[in-house]
Number of protein chains: 2
Amino acid sequence: MGRASGVASAAPAAPAASADAADGPCPRPLRADAKRNRQQLMDAARAAFTERGAEASLEDIARRAQVGVGTLYRHFPTRQALLEAVYVDEVEALCTSAEGSADAEPWDAMVAWFDRFVDYVATKKALVDEMMASVGKDAPVFRACHDAIFAAGEPLVARAQADGTVRADVEFVDVIRMVSGLCMIKNASPEEIRRVLRMALDGLRFQPTA
Amino acid sequence: MGRASGVASAAPAAPAASADAADGPCPRPLRADAKRNRQQLMDAARAAFTERGAEASLEDIARRAQVGVGTLYRHFPTRQALLEAVYVDEVEALCTSAEGSADAEPWDAMVAWFDRFVDYVATKKALVDEMMASVGKDAPVFRACHDAIFAAGEPLVARAQADGTVRADVEFVDVIRMVSGLCMIKNASPEEIRRVLRMALDGLRFQPTA
DNA sequence: TCACAATACGGAGGCCGCCTCCGGTTAGCA
DNA sequence: TGCTAACCGGAGGCGGCCTCCGTATTGTGA
């Protein structure tokens, strides 16, 4: 993560991770078996959501994780909770990809990030159905991811604006909304989406003559 | 409908309509009670999908239509079939709205139609989840709707291109893909979407200097 | 090392929606 | 009026959702 308030929670890949960070005082650090099962559930869920979509059967996820449904529901009371847990990880990965482009041309750096944004999203449509919905929503987890995305992308747009390449009257919210929308295009190849993205982004540098 | 191969089937509003047009020779014109039930089902479905989303319970739709589930499934073997039947009607309405703008400025006429497109879609997100998926897909019904939309919108874009307002190298498929994507933006007010749409459409008239 | 809470596990069970199947009903023709 | 093809409706099998509670495991204090 770059700056940004660090999206929070979501146990890392390592098995012995610190799966704390709920909201309250957190009296106990989660028992060993619980920690293990939680991780297995997240892994199974990530796989299932990726290949079957956000509607993947929770019972099936539990089976894949070699865990009873009860356990699944204890860790993640709702499908939404599970979806979020997985998706927070993903967002982090996306956001870090914004770093290290400081030396490129502002416009190119910006376009490149949005390219990655779209590619990235393409591989997890299911998860991102939720993620897209977060732009503008104020649920706690969403809020954090939303912030992370802004922290990653806004500077890129600002730089292109300072540079004069992007017209001054566009706002990042609108741009991210636009790109989010384009991510939802169905039945289009990556190249097709990229072409559309280029076209739409060109709107950012159109200088109204009026 | 303008030109276009007339989207087909989907019984009109009038109760005594000719609900034929399946695919084959159609030996019988559908019995009176069947015709009535079919209409009730479509009405109930339209309402249910609009207010509960595309996941609305089919059993509930049958109940609302005061018909057994069996009847529902006989008329519409799959949820998809029902969705399509309802959605064909909707697309027709959208397409006809492209007519009568021949006297406006090409750019304005085009923008206005896409505005309507987005507004229209906004009120039936559920249905249009399917519709959006149709751009590029080749299922029979989809094909027809797809054609109808192209027949309605393509001339508008072509006119703006002939006019020189829209750059010559954009293709209608891409434009409709772009707008379709924007329709999917979540949690945004109509004005916000309109702003994004304007921004994206400006990309069509950006003249690359290179 | 042992014993005993505190925690966590897992799956049976109630509920609901999907879809199929078939005995009973009805429209419409002769 | 009688007959039959066409149609109706809902019971029933299946699978997913979620809850509840008896059983198993962990880890801590003696």
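Only this structure's heavy atoms are used, side chains among them; waters, hydrogens and symmetry mates stay out. Just so we're on the same page: letters track the sequence lines, and every chain starts at 1.
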Closest heavy-atom pair, A:Gly181 versus B:Ile185, reported as atoms and distance to 0.1 Å, is CA-CG1, 3.8 Å
Residues B:Val67 and B:Leu72: closest non-hydrogen pair is CG1-N, 4.1 Å
Donor-acceptor contact present, side-chain A:Arg38 to main-chain A:Asp33, <3.5 Å = no
Salt-bridged, B:Arg198 to B:Glu191, with N to O below 4.0 Å?
-> no
Pair B:Asp174 + B:Arg177, salt bridge at N-O below 4.0 Å = yes
Show the distances under 3.5 angstrom between N or O atoms of the protein and N or O atoms of nucleotides 18-22 of chain D.
unit_1: D:dC18; atom_1: OP2; unit_2: A:Tyr73; atom_2: OH; d: 2.9
unit_1: D:dC18; atom_1: N4; unit_2: A:Glu59; atom_2: OE2; d: 3.0

Are the side chain of B:Glu154 and the backbone N or O of B:Glu171 linked by a donor-acceptor pair below 3.5 Å?
-> no
Just how far, in rounded Å, is P of D:dG16 from CG of A:Leu82?
-> 16 Å
Main-chain N/O of B:Ser189 paired to B:Glu192 side chain as donor or acceptor, under 3.5 Å = yes
Under 4.0 Å between any heavy atoms, over every strand shown, what does B:Asp60 touch: base, sugar-phosphate, or nothing? Just pick one.
-> nothing
Quick one: the dot-bracket string of DNA chain D, using Watson-Crick and G-U wobble pairs with both distances under 3.5 Å, [ ] for crossing pairs and | for bases paired to another strand.
-> ||||||||||||||||||||||||||||||
Presence of salt bridge, B:Asp119 and B:Arg194, under 4.0 angstrom | yes
Compare side-chain N and O positions of A:His75 against OP1 and OP2 of C:dC9 and report whether any pair is under 4.0 Å apart.
-> yes
d(CZ, A:Arg63; P, C:dA12) in whole Å | 12 Å
Measure from CD1 on A:Ile61 to C1' on D:dC17 and round the result to the nearest Å.
-> 13 Å
Phosphate contact (D:dC7 OP1 or OP2) by B:Asn37 side-chain N/O below 4.0 Å | no
Rounded to whole Å, CG of A:Leu41 lies from C1' of C:dA8 at a distance of 12 Å
Where protein sits on nucleotides 23-30 of chain D, one letter per nucleotide: B base, S sugar-phosphate only, - none, heavy atoms under 4.0 Å = --BSS---
DNA chain D: 5'-proximal contact among B:Gln66 and A:Ala56 (nearest heavy atom) = B:Gln66
Could you tell me whether A:Arg52 and A:Asp60 have a side-chain N and a carboxylate O separated by less than 4.0 Å?
-> yes
Between A:Asp202 and B:Arg205, is there a side-chain N and carboxylate O pair less than 4.0 Å apart?
-> no
Rounded distance (Å) that lies between atom P of D:dG9 and atom CD of B:Gln40 = 9 Å
Against the side chain of B:Ser57, the closest entry in C:dG17, D:dG16, D:dG9 is C:dG17
Give a yes/no answer on whether the side chain of A:Thr71 brings an N or O atom under 4.0 Å of OP1 or OP2 in C:dG10.
-> yes
Short question: side chain of B:Arg46, backbone of B:Leu41 - any donor-acceptor pair under 3.5 Å?
-> no
